[in-house]
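Some notes on the structure that comes next.
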Amino acid sequence: MDFLIFENISKSYGSNKVIDNLSIAVQKGEIFSLLGPSGCGKTTLLRIAAGFEEPDSGRVILDGQDITNLPPNKRKLNTVFQNYALFPHLTVRDNIAFGLKVSGFSKEKINDEVERYLDLIQMTDHASKKPSKLSGGQKQRVAIARALINKPDVLLLDEPLAALDLKLRQRMLVDLDWMHDEVGITFLYVTHDQSEAMSISDTIAVMNKGRIEQKGTSVEVYEAPRTSFVAAFIGDTNFFDGEVKSIDGDYCLLSVESFPDIRVYNDKAVKPGGKVYLSIRPEKIGISHNKPSEEKINVLKGKVEEIIYLGSHTKYWISVNGFRISVIAVHNTFMLDIKEISFNDEVYIYWSLDSCYMLEQYKEEDEALLTLPDDEILDQETV
Amino acid sequence: MKRGKFALLITLFVMVFFYLPVVIVAINSFNSARFGGEWKSFTLVWYSKLFADKNIWSAFMNSLLIAFSSAVLSMILGSVAAFALEKYKSRFQTIHRMLLFSPLVVPDILIGMSLLIFFVAVQIQLGLMTVFLAHVTFSISYVAMVVLARLQDFDSSLYEAALDLGAGRFNAMRLVVIPLVFPGILAGGIMAFTLSIDDFVITFFVSGAGAATLPGYIYSMMKHGFPAVINSLSVLFVIATFILVLMSRKFLVKQ
Amino acid sequence: MKPSSYSKKRNELLSSFPSFIWLVILFVIPIGVIFAIAFKAADPYGGIGEEWTLSTIKELFNPIYPAIFWRTIYLSLISTFIAILLALPVGYYIARTGKRMREIFLVLVIVPFWTNFLIRIIAWKVLLHPDGFIKKILVTLSLADPNSILLYRPETVLIVLVYSHLPFAILPIYAAAEKFDFSLIEAARDLGASRFQAFRKVFIPGISSGIVAAFIVVLIPSLGSYVIPELVGGASVEMIGSKIAQRSFVDRNLPHASALSALLMLAVFIPLFFAALWQRKAALTGKVK
């Protein structure tokens with residue numbers, strides 16, 4: 001059931017269009033992530049849902065009711081703020097009780113509920129502390145409990161883990177997932193971190209420039225990105241300019257750069273002569289000293305330019321006719337026993353015809369995203 | 001740490017520079033000789049004379065009255081002004097801001113002189129009333145400055161969080177904004193109070209003949225004969241300031 | 001509901017008008033009146049003449065005024081310079097020292113900051129009095145003639161100016177130094193700078209906003225000082241401030257007092273203008289947010 005619906009939402013700040021006629025629906029009970037780079041409009045959309053911003057046009061519908069013009073305090077939505085926004089003058093207990101107090105519940109009811117939620121987030125021992133005495137993870141849990149106690153229809157989370165370090169972030173993700181199962185409330189989760197979004201979400205909507213690029217499950221957006229933006233933003237990929245040479249049943253033949261012709265599964269309505277991108281994820285590519293003999297693969301020959309050993313996998317940069325292709329070899333055997341591929345070796349790289357895909361050409365302004373610095377890519381991979 | 005030693009040396013020198021005169025005045029306040037060129041004998045006579053001086057007491061009461069009333073009014077005017085500055089970012093507020101901050105950079109004597117001419121021109125009788133008006137005028141700016149700094153540090157997401165959790169605008173102000181900004185408002189009020197108690201120059205210009213505040217009375221004592229009770233009065237002043245500063249530091253550190 | 005822009009405007013005006021109107025009536029108009037009266041002449045009865053005239057402004061060139069004017073400027077500049085020179089090591093030291101010492105020194109600086117400044121001048125009057133402590137010492141050490149006078153000299157006015165305004169210089173410099181990242185000095189030393197070079201090329205630029213603030217808060221009250229020249233300078237070391245007071249209270253010549261006030265206002269605005277210029281430049285180059 002469509003539970004929270006954004007309908008033709010547009011929002012501009014001056015001449016800057018932040019949200020561009022966006023429509024999307026969140027299902028009841030799911031964890032729905034808005035994933036996109038900073039400035040893509042995801043936080044603005046969240047603030048429109050919460051009532052802190054008004055859309056220039058369009059409607060927000062919650063459980064069949066138009067809430068576009070309701071003030072924040074009249075909406076059955078609660079927010080977990082990026083910086084937590086815990087009231088510094090109130091104790092943990094009073095922070096959590098705030099929503100119930102302003103709604104005028106009885107003292108007994110408030111006390112009971114607060115104790116229950118303190119217990120849920122395992123903060124009973126810290127209930128009388130002020131927020132300044134808490135660690136980042138504790139603040140985070142208080143912020144979540146403070147919102148959840150009001151039994152909102154939807155919990156809005158604005159980059160809730162951005163201020164935490166990596167290890168804590170991973171633990172909080174598990175906690176969040178657990179809390180979601182516990183309370184069964186719909187989560188609308190805003191993040192720029194793909195691994196966060198992929199690990200927690202039922203549905204991911206990838207946002208760019210105020211529009212939704214693709215909506216789907218984690219597997220869908222990773223394995224079958226619909227646009228070059230999605231392919232580049234989620235995970236790591238190799239992109240090539242290509243032209244359709246001919247179509248041969250389920251497959252089509254591309255001429256790509258100066259490589260030998262490449263066969264790729266034909267899932268798009270393309271005609272010979274059409275310009276496309278070819279995208280191949282690095283981990284889908286095999287690497288070997290010997291020419292592979294399998295059927296239905298594309299094979300290229302190149303030279304090893306760089307090797308980065310990362311424990312669970314190794315990343316290679318292979319130069320093929322002057323183009324650098326990144327290849328990731330996952331180690332599922334004991335590495336010390338294997339004859340290593342070393343710097344400057346001549347190697348074959350190959351991938352199944354079904355493991356690469358064509359995409360429509362991306363726009364120039366997306367290009368910045370394709371050249372993320374290496375360490376950032378590594379960071380995301382290790383999560 | 002040669003540099004550290006040099007800095008320490010200068011710091012100690014400055015402290016001696018600050019306090020040596022005060023210490024000598026303090027010693028002198030117990031000296032039965034008048035100017036402390038030599039020690040005659042220990043006496044408390046200057047203190048008893050000081051407490052017996054009715055004029056000093058009435059001047060002191062005038063000072064308290066003016067300081068308290070002008071602090072309260074400027075606390076209200078300055079805080080409201082700071083809220084307006086922080087909330088509305090219009091062109092009018094740019095002018096409002098300039099207007100609020102220019103008294104801070106105009107020398108006291110010019111404020112006093114201009115108000116004197118103004119009061120005379122509009123024929124307001126000089127007295128405690130004009131002193132009160134003048135003190136509110138220069139205090140508003142200080143209060144606004146202090147409160148504005150507090151408001152700028154205020155995290156607006158706290159206000160949003162209050163709304164988000166179901167509080168109306170009024171409750172969000174009452175339960176979150178005011179409690180968090182109040183120390184700033186109070187600090188502004190205390191500053192206004194202190195400035196008012198301390199002010200001599202502006203008061204001197206606008207007080208006319210009768211309405212002497214304590215600094216005005218001290219000044220006239222200095223001009224006319226420099227009675228030795230001034231020493232004991234100074235000592236009490238410095239002690240009072242010390243206590244107030246220590247208290248305010250405690251209050252600040254506790255925050 | 002979003003408040004309509006009409007009621008928003010109304011709320012803005014309601015919250016701005018009390019302070020706005022108060023300051024227009026009791027600050028802007030009186031200052032404006034000063035400038036206006038500078039273009040009037042005094043009448044013989046201590047009032048203000050009817051006619052508009054430039055004669056009052058012209059009289060500012062009367063030989064006694066330029067001398068007073070220059071004395072005001074140079075005493076203010078020198079005292080500001082000395083105050084900042086002393087405040088730099090003090091601010092540096094207080095910012096670098098341990099927590100306990102820092103609190104003690106801060107209190108010791110803040111107390112004179114808040115002590116009534118007449119009281120602080122009293123101490124010097126007592127010290128410098130012909131029968132006072134300092135004279136006694138100087139005479140005993142035969143550094144001064146028994147008949148010499150310590151009060152009413154430019155040097156004395158200078159010392160008392162520095163004494164009165166030094167806390168104003170220390171506090172902003174300390175505030176800037178406290179935010180300064182002292183590992184930068186270590187980095188400079190590591191890169192081969194001497195202690196003095198590191199202090200001059202890294203620390204001083206790093207706290208420049210504090211130095212500019214100190215400059216302004218010391219220079220402006222110095223330029224406008226009235227009580228200090230009056231009490232320790234006397235008739236021989238007059239400054240603009242004391243002249244303004246004398247013209248308004250003793251000579252009852254309000255136009256002259258106004259013209260001098262206008263002149264003082266201009267003298268104040270020149271350093272302010274440069275400070276604003278500096279701040280703008282610093283903001284453009286990203287030094288100050």
Side-chain angles (χ1 to χ4, degrees), chain B residues 2-4 6-8 10-11 14-15 17-18 21-22 24-25 28 35-37 77-78 80-81 83-84 88 90 92-93 96 99-100 103 105-110 113-118 121 133 137 140 144 194 198 200-201 215 218-219 222 226 230-231 234 237-238 241-242 245-246 249, chain C residues 12 15-16 18-20 22-23 26-31 33-34 37 86 89-90 92-94 96 103 105 107-108 110-112 114-119 122-127 129 131-133 136 163 166 195 199 220-221 223-224 226-227 231 241 244-245 248 254 257 261 264-265 268 272:
Chain B
K2 197 173 147 233
R3 165 103 252 147
F6 174 73
L8 173 63
I10 299 286
T11 307
V14 165
M15 294 304 148
F17 180 52
F18 276 163
V22 178
I24 288 168
V25 168
N28 228 5
F35 282 103
L77 290 173
V80 173
F83 271 93
Y88 308 100
S90 60
F92 174 60
Q93 293 306 328
H96 189 200
L99 186 59
L100 272 169
V105 296
V106 173
D108 287 355
I109 190 162
L110 293 184
M113 167 79 197
S114 63
L115 281 172
L116 168 66
I117 291 179
F118 177 77
L133 291 175
T137 305
I140 290 177
T194 322
D198 267 356
F200 162 67
V201 175
I218 295 170
Y219 178 77
M222 288 169 85
F226 210 93
I230 283 186
N231 290 333
S234 304
F237 248 92
V238 174
T241 314
F242 242 112
V245 169
L246 284 177
R249 294 299 294 177
Chain C
E12 177 180 356
S15 53
S16 313
S19 51
F20 193 86
W22 186 288
L23 288 173
L26 286 164
F27 176 70
V28 177
I29 293 178
I31 296 278
V33 168
I34 282 195
I37 290 180
L86 288 173
V90 175
Y92 173 91
Y93 182 77
I94 299 180
R96 287 220 80 169
E103 187 57 28
F105 277 122
V107 168
L108 288 177
I110 294 171
V111 168
W114 281 119
T115 305
N116 185 292
F117 89 126
L118 280 177
I119 297 291
I122 285 171
W124 284 93
K125 276 286 251 198
V126 174
L127 282 178
H129 191 270
D131 297 330
F133 182 76
K136 211 98 196 177
Y163 180 79
L166 188 50
R195 279 181 203 285
F199 186 79
I220 289 179
L223 286 170
Y226 143 57
V227 177
L231 289 177
I244 291 174
S248 19
L254 286 181
S261 300
L264 175 56
M265 193 88 77
V268 166
L272 274 181

Problem - Residue pair Tyr93(C), Phe6(B): steps toward the ring pair (Phe, Tyr, Trp, His ring centres under 6.0 Å) verdict - result: CA-CA 9 Å; Tyr93(C) 182 77; Phe6(B) 174 73; over 10 Å; no
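For Tyr219(B), the ring pair (Phe, Tyr, Trp, His ring centres under 6.0 Å) criterion is met by Phe200(B), Phe204(B), not counting sequence neighbours. Applying the ring pair (Phe, Tyr, Trp, His ring centres under 6.0 Å) criterion to Tyr88(B), with sequence neighbours excluded, gives no partner residue.
Across Pro89(C) and Thr11(B), no two heavy atoms sit closer than the pair O-OG1, 4.0 Å. Across all their heavy atoms, Phe92(B) and Ser16(C) have their closest contact at CE2-CB, 3.5 Å. For the pair Ser19(C) and Ile140(B), the tightest heavy-atom approach, listed with the atom from each and the gap, is CB-CG2, 4.4 Å.
Thr194(B) and Trp114(C) share no donor-acceptor pair across their side chains, judged by distance under 3.5 Å alone.
The contact between Leu133(B) and chain C is made by backbone and side chain atoms together, counting heavy-atom distances below 4.5 Å. Contacts of Leu100(B) with chain C are made by both backbone and side-chain atoms, with heavy-atom separations under 4.5 Å. Contacts between Val14(B) and chain C at a heavy-atom distance below 4.5 Å involve the side chain alone, from C-beta outward. Looking at Leu110(B), both its backbone and its side chain come within 4.5 Å of chain C, counting heavy atoms on both sides.
The residue among Phe237(B), Phe118(B), Phe242(B), Phe18(B) with the most heavy atom pairs within less than 4.5 Å of chain C is Phe18(B). Of the listed residues (Thr137(B), Ile218(B), Val201(B), Leu77(B)), the one with the most heavy-atom contacts under 4.5 Å to chain C is Thr137(B).
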